[in-house]
Amino acid sequence: MIREPQPGTPIEELDTPALLVDLEALEYNLESMARFFADKHARLRPHAKTHKCPQIALRQLAAGAVGITCAKLGEAEVLAEAGVRDILIANQIVGAPKLERLTALARTCDVMVAVDDEANVTDLGRVCRERGVSIRVLVEVDIGMHRCGVEPGEATLALARRVAREPGLEFAGLQAYEGHLVMLPDAQERAARLREALATLGETCALLARAGLPAAIVSGGGTGTYDVSATTPPITEVQAGSYVFMDAWYLTVRPEFRPALTLLATVISRPTPDRVVTDSGMKSLTHEFGPPQPLGVVGLGLPRLSEEHATLEVTDPAAVRLHPGDRLRFLPSHCCTTVNLHDRYYVVRNGTLVDIWPIAARGRAQ
Ligand SMILES: Cc1ncc(COP(=O)(O)O)c(C=O)c1O
């Protein structure tokens with residue numbers, strides 16, 4: 001049994017690996033984003049796949065978010081249970097077991113889903129009618145990411161008509177996520193390419209409006225593009241997620257937010273002067289966006305991760321005085337997937353534990 005540390009515990013006394021949330025930085029990010037959206041026509045519907053945590057979702061809503069976005073039905077169930085009332089599952093819900101759960105969820109909260117397939121619309125409508133619920137549906141449009149989504153133009157109109165004809169479903173608008181653009185390092189190119197993609201989406205919205213099917217909601221955007229998305233028609237809702245925590249990757253693109261998520265590790269070995277090993281491998285830190293960054297120590301290279309070890313080359317042995325038992329903090333290279341490896345956040349302020357928040361939707365991939 002892990003005995004949870006009490007509020008007031010200094011960071012240095014926490015057991016590791018421990019995923020830390022710096023409350024001051026988190027609050028700064030929440031407030032900055034809320035301030036940005038305060039005078040915009042578009043609303044923020046933050047993506048909870050980043051934090052998977054009801055405590056943070058409720059803070060986002062309190063800061064003015066119109067609702068919450070999820071990637072998975074399992075995440076939506078956890079957030080609904082915690083009191084979130086307006087949820088977009090920005091994904092296709094396919095297959096009988098999930099459709100059944102979706103209709104159960106629709107009895108407890110207002111839920112929207114994305115569709116890009118006629119047969120899925122038929123199945124969704126049938127299960128909704130059988131269970132006596134109505135669900136709002138966004139048609140997903142591919143604006144260049146080439147993941148899910150129908151083509152803009154006539155294909156989108158045809159599917160929107162199909163949704164509108166299906167009793168049990170309500171056509172609520174479109175979803176179009178520009179995942180291929182959010183990390184483009186050149187801000188001008190990022191903005192220009194997004195505006196181009198949104199111009200095409202705008203034409204599709206006009207086509208729908210002429211056909212008597214106006215898209216009340218047009219949802220898209222991420223942390224890399226939130227400002228352009230929020231100020232460019234036809235977007236009405238922005239799904240940014242990573243801004244709450246940030247990570248080594250996103251900080252290069254969006255320096256206006258602060259890093260709020262770090263991993264506290266312990267040095268478990270200094271087998272040679274030029275090598276330091278910590279207890280934080282790829283089961284504590286993900287590395288699909290590159291290695292995590294060690295913080296606050298000069299003279300250390302980037303870590304090589306094995307399952308439960310991070311091995312760091314010491315480039316300046318005279319400067320690096322780390323020994324077994326010493327602590328080292330890492331900035332994750334990708335916050336969203338790192339979070340999914342942990343059960344709880346150790347919430348800290350000024351070097352002291354103030355709370356522990358369960359990552360309640362962690363692992364809810366179904
Ligand atoms: C559908 C969808 N919307 C929005 C986002 C934006 O998230 P972030 O702010 O982390 O870039 C993502 C990221 O994966 C996504 O898949």
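Just the heavy atoms: all of them, side chains too, but no hydrogens, waters or symmetry mates, feed the values below. Counting convention: from 1, in listed order, for ligands and their atoms alike. On a predicted model such as this, the values are computed, not experimentally measured, just so you know.
Environment of CZ in Arg304: sparse, with no more than 12 heavy atoms of neighbouring residues, nucleotides or ligands closer than 6.0 Å. Residue Gln366 places its CD atom among 12 or fewer non-hydrogen atoms of other residues, nucleotides or ligands, all under 6.0 Å distant.
Every protein residue with a heavy atom nearer than 4.0 Å to ligand 1 is included here: His47, Lys49, Arg147, Tyr177, Gly221, Gly222, Thr223, Gln239, Ala240, Gly241, Ser242, Tyr250.
Between the Thr315 side chain and the Gly299 main chain, a donor and an acceptor come within less than 3.5 Å of each other.
The aromatic rings of Tyr345 and Phe245 sit perpendicular to each other, their planes meeting at more than 60°, with 30° as the lower class boundary.
Here NE2 of His334 is found 7.5 Å from OG1 of Thr50. Values are rounded to the nearest 0.5 Å.
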Got a list of side-chain donor-acceptor pairs under 3.5 Å for residues 17-33, not counting sequence neighbours?
{"residue": "Asp22", "atom": "OD1", "partner": "Glu24", "partner atom": "N", "Å": "3.0"}
{"residue": "Asp22", "atom": "OD1", "partner": "Ala25", "partner atom": "N", "Å": "3.1"}
{"residue": "Glu27", "atom": "OE1", "partner": "Arg349", "partner atom": "NH1", "Å": "3.4"}
{"residue": "Glu27", "atom": "OE1", "partner": "Arg349", "partner atom": "NH2", "Å": "3.2"}
{"residue": "Glu27", "atom": "OE2", "partner": "Arg349", "partner atom": "NH2", "Å": "3.1"}
{"residue": "Asn29", "atom": "OD1", "partner": "Arg258", "partner atom": "N", "Å": "2.8"}
{"residue": "Asn29", "atom": "ND2", "partner": "Ala25", "partner atom": "O", "Å": "3.4"}
{"residue": "Asn29", "atom": "ND2", "partner": "Tyr243", "partner atom": "O", "Å": "3.1"}
{"residue": "Asn29", "atom": "ND2", "partner": "Val244", "partner atom": "O", "Å": "3.0"}
{"residue": "Asn29", "atom": "ND2", "partner": "Arg258", "partner atom": "O", "Å": "2.8"}
{"residue": "Ser32", "atom": "OG", "partner": "Tyr28", "partner atom": "O", "Å": "2.8"}

